[in-house]
Amino acid sequence: MSIIFGVGTTDEQSVMEDQLRDLAQTTSRYAPDGTFIRVTVNVGMGFQAFHTHERSRLEAQPLVDDRSNMLCFDGRLDNHAELQNALDLARHNVADSEIVLAAFVRWGEGCFARFIGDWALALWSNADRVFYLARDHAGTRTLYYEVAKNCILWGTYLETFFVNTKRRNLDDEYVACYLACQPIRDLTPYQGIRAVPAAHYVRIQGGKITSQPHWSWMVKDRLHYQTDALYEEQFFSLLKQSVERRTGPGAPILAQLSGGMDSSSIVCMSDHIRKLQGAERADLLDTVSYYDDSEPNWNEKPFFEAVERYRGKKGLHLPLPLLSEQIVCAPVRYLWPGADNATLDNERRLIESTASTDYRVVLSGIGGDELLGGVPTALPELGDLLVAGRLFSYLKRAIDWCLVDRTPLLHMTGQTLWFISQQYRQPRIEMQSIPSWIRSPLLKRLEQVNQWARVSDSQPWTIPSHIANARAGLALLETLPQRPQRHLRRYEIRYPYLDRDLDDFLLRVPRDRLLHPGRRRALMRSALQKIVPHEVLERRRKGTRSRSVLLTLQHGEQEIRQLFRTSSQQIQELVDSHLLEEDVIAAIRRSDQVKMPFIIRAIHLHLWYGAHSSLMTEPGGWAQGSVAS
């Protein structure tokens, strides 16, 4: 994952090279392949190379064309050959950045919808004096920006915004969403700094900022194949294509192997591809698997070891405590809440264990559960049948589902009607579920930003399952921007299940093809039965980590009390520390799993804010400074 950053002015004020060099210093340690900057009169861009795939070495950025348009592009265009043909770029080895600029000249803003791959970009259109910032359909690359006083600042990492001593205020809207376990959307912890939304491009011209989607999780049609076998063949083909795109020639790759169906299917598909190409066992992907022996409900060892036996190659096994036993903040400054001392320990453990290989890429199985019917619910399918007026089909299918867990038909029908009603109303936060210790001003902020799941292009005739899929997709994206928290070293994270071609297919597959009554992930299991071990493919749902978390909190009760009692003035203005302490301690002693997410968020916010106390100059002010360890 290369790093892009830049500065622009909307009043033709000059940008100096020294400004770019200062910005580069904050992130240079994450990009060992060189720093390159380019400045015109009012635009300066920087590119810090981190070569991860074969074509990335073709890049010579920042790129300026003969129209004085300037571009910085981080990522990988998977459809580069198709775009080259459409743009009449007949030369061999055309860099992705050249394709992007040529596409913009040909198609204007419509070009962003044509880019398939993992990418983020910053583009200056010289003719109409417009800045564009854009991200791929799933937001696999981060990109942040700030517009203030006729100046635009953007960067791949938040470190870019901490280059001088300007104060940074905590963003109350972010804190409200974070503590209430609500979607963060385009917010960051810092006032004025926003993220470019996934599947969007931000247009900045003069003082006007607009954000437009170039892709949508809301699909308009369904696929209709004649047999289950055709769905299975297409899924297998698209998953194979996605894995090939993300495991081609380039930097060494480390695949996460959790023992679940998603990560296992990615590793096994890669093995299948490489064996077809004549690869030996040593040429198969290296894997890393995490375990927690203290957690009886999260015993993944038997499953990832089954995959290792199946493929004949053992991977790296690392313990993974979820919280620091001492419940103390990390000795380095993570710029997002959610990290503690254990986070840093886990980073060090991985780096030390992989010191002999320069891994730059990590494969993740995130996305499979949401897209492949991991949650065994009949409601989307039954809702579609009722809305379509297919009563006989509804009764037949509802009875099939009722027999699985002996749910009364009347009860199932009531649940289906409720599900339908929820899809056609705009989602809202159930305020009664919000913890009582969040103060009133923060609750008002929460109400103001309660628009996360609004699906702007949904229509009354949109079927319920498509609306539910779109909202699940938006919720899925919330897990990506800060995952995983890294300070010592950063990797390019690739998500094979978040391939646009694969996602377009899965969003259109009818629900009754994805899962069957009593059999979740029916399509996936049938399609991959020849390449994934049976005990993994047919396992029940993965376990959860609950007991070890609870024990950590119980053992750290005194530290938690002290943490809340010594919170800063600004935190006390947002949270009633006395009520928080009482509520958290009571929940821990009752083993209240419902409140655990809120408890973890509250602890992490306090730890994170306390770690930055040395940068506070006054209540409510954030002094920018070095974030190096």
Side-chain angles (χ1 to χ4, degrees), residues 78-79 82 113-117 136-140 198-199 213-243 245 261-262 265 269 366-390 393-394 397 419-420 423-424 453 455-477 495-517 519-528:
D78 292 326
N79 62 334
E82 173 190 331
R114 297 173 179 259
F115 301 150
I116 297 177
D136 65 60
H137 86 287
T140 58
H214 59 75
W215 187 87
S216 175
W217 288 91
M218 176 69 72
V219 297
K220 301 293 192 300
D221 61 330
R222 277 191 288 189
L223 294 173
H224 295 284
Y225 295 168
Q226 293 298 315
T227 65
D228 283 347
L230 292 176
Y231 287 101
E232 293 163 13
E233 290 172 9
Q234 183 70 349
F235 169 69
F236 189 96
S237 174
L238 289 173
L239 179 60
K240 179 174 179 286
Q241 173 182 265
S242 176
V243 173
R245 287 171 169 176
M261 296 171 66
D262 300 321
S265 63
M269 180 61 80
I366 289 176
D369 203 45
E370 293 81 357
L371 292 164
L372 281 158
V375 178
T377 174
L379 300 182
E381 176 188 350
L382 299 180
D384 290 350
L385 292 173
L386 271 186
V387 167
R390 299 171 57 188
S393 297
Y394 167 80
R397 196 63 171 177
F419 171 81
I420 293 172
Q423 304 315 303
Y424 292 110
V455 184
S456 59
D457 54 352
S458 63
Q459 301 293 335
W461 56 85
T462 305
I463 61 177
S465 66
H466 283 177
I467 302 175
N469 286 344
R471 290 176 177 168
L474 292 175
L476 167 63
L477 301 188
Y495 308 92
Y497 278 104
L498 296 182
D499 178 272
R500 203 179 88 174
D501 289 331
L502 178 60
D503 295 347
D504 276 329
F505 167 75
L506 291 175
L507 291 171
R508 287 173 167 78
V509 173
R511 289 286 298 186
D512 63 338
R513 303 288 182 162
L514 286 177
L515 72 166
H516 298 159
R519 184 170 175 78
R520 67 187 185 93
R521 298 199 185 213
L523 172 63
M524 180 184 191
R525 285 172 161 168
S526 298
L528 302 182

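What you are looking at is a predicted structure, and each value in this text was computed from that prediction instead of being measured.
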Which atom names give the shortest non-hydrogen contact between Ser465 and Asp384, and what distance separates them? OG-OD2, 2.6 Å

Do the non-hydrogen side-chain atoms of Arg222 and Ile463 ever get within less than 4.5 Å of each other? yes

Interatomic distance, His137 atom NE2 to Leu477 atom CG [nearest 0.5 angstrom]: 8.0 Å

Where the side chain of Tyr424 meets the backbone of Thr462, is there a donor-acceptor pair that is under 3.5 Å apart? yes

Side chain to side chain contact (heavy atoms under 4.5 Å, CB included) evaluation trace for Trp215 with Asp136: CA-CA 9 Å; Trp215 187 87; Asp136 65 60; over 6 Å; no

Which distance, rounded to the nearest 0.5 Å, do you find between the OG1 of Thr140 and the CZ of Arg500? 12.5 Å

State, yes or no, whether a side-chain contact exists between Asp78 and Asp501 at a heavy-atom distance under 4.5 Å. no

Closest heavy-atom contact between Val243 and Pro496? CG2-CB, 4.2 Å

Between Glu232 and Leu523, is there a side-chain heavy-atom distance shorter than 4.5 Å? yes

Any Thr377 side-chain heavy atom under 4.5 Å of Arg511 side chain: yes

Please report the interatomic distance CG(Leu382) to CG(Leu379), rounded to the nearest 0.5 Å. 6.5 Å

When you look at Met218 and Ile467, which way does the side chain to side chain contact (heavy atoms under 4.5 Å, CB included) test go after all the steps? CA-CA 7 Å; Met218 176 69 72; Ile467 302 175; 3.8 Å; yes

Tyr497 side chain reached by Asp503 side chain, heavy atoms, under 4.5 Å: no

Can you check side chain to side chain contact (heavy atoms under 4.5 Å, CB included) on Leu502 and Leu371, steps first, answer last? CA-CA 10 Å; Leu502 178 60; Leu371 292 164; over 6 Å; no

Do the non-hydrogen side-chain atoms of Leu476 and Leu498 ever get within less than 4.5 Å of each other? yes

Testing the basics here: between Ser393 and Leu385, what is the closest heavy-atom pair and its distance to 0.1 Å? O-CD1, 3.8 Å

Taking everything shown except Arg519 itself, do over 12 heavy atoms lie less than 6.0 Å from its CZ? yes

Taken to the nearest 0.5 Å, the spacing of Arg513 CZ from Leu223 CG works out to 10.5 Å

Does the side chain of Tyr225 reach to within under 4.5 Å of the side chain of Val509, using non-hydrogen atoms? no

d(Met269 CE, Phe236 CZ) to nearest 0.5 Å is 4.0 Å

By side chain to side chain donor-acceptor pair (under 3.5 Å), Asn79 pairs with (sequence neighbours left out) none

Grab the two heavy atoms, one from Phe419 and one from Pro464, that are nearest each other, plus how far apart they are. CE2-CB, 3.9 Å

What's the verdict on side chain to side chain contact (heavy atoms under 4.5 Å, CB included) for Asp369 and Arg521, showing C-alpha distance, side-chain angles and the deciding distance? CA-CA 9 Å; Asp369 203 45; Arg521 298 199 185 213; 2.7 Å; yes

Looking only at heavy atoms, the pair that brings Arg520 and Pro376 closest together is CB-CB, 4.0 Å

What residues, two or more places apart in sequence or in another chain, satisfy side chain to side chain donor-acceptor pair (under 3.5 Å) together with Arg397? Glu381

To the nearest 0.5 Å, what is the distance between CG (Leu372) and CG (Leu239)? 8.5 Å

Side-chain contact, heavy-atom cut-off 4.5 Å: Leu238 with Asp499? no

Taking the inter-plane angle between the rings of Phe505 and Tyr231 on a 0 to 90° scale, is it parallel (under 30°), tilted (30 to 60°) or perpendicular (over 60°)? tilted

What are the two closest heavy atoms between Arg508 and Asp221, and how far apart are they? NE-OD1, 2.7 Å

Expected output: side-chain Arg471 to main-chain Gln423 donor-acceptor under 3.5 Å: yes

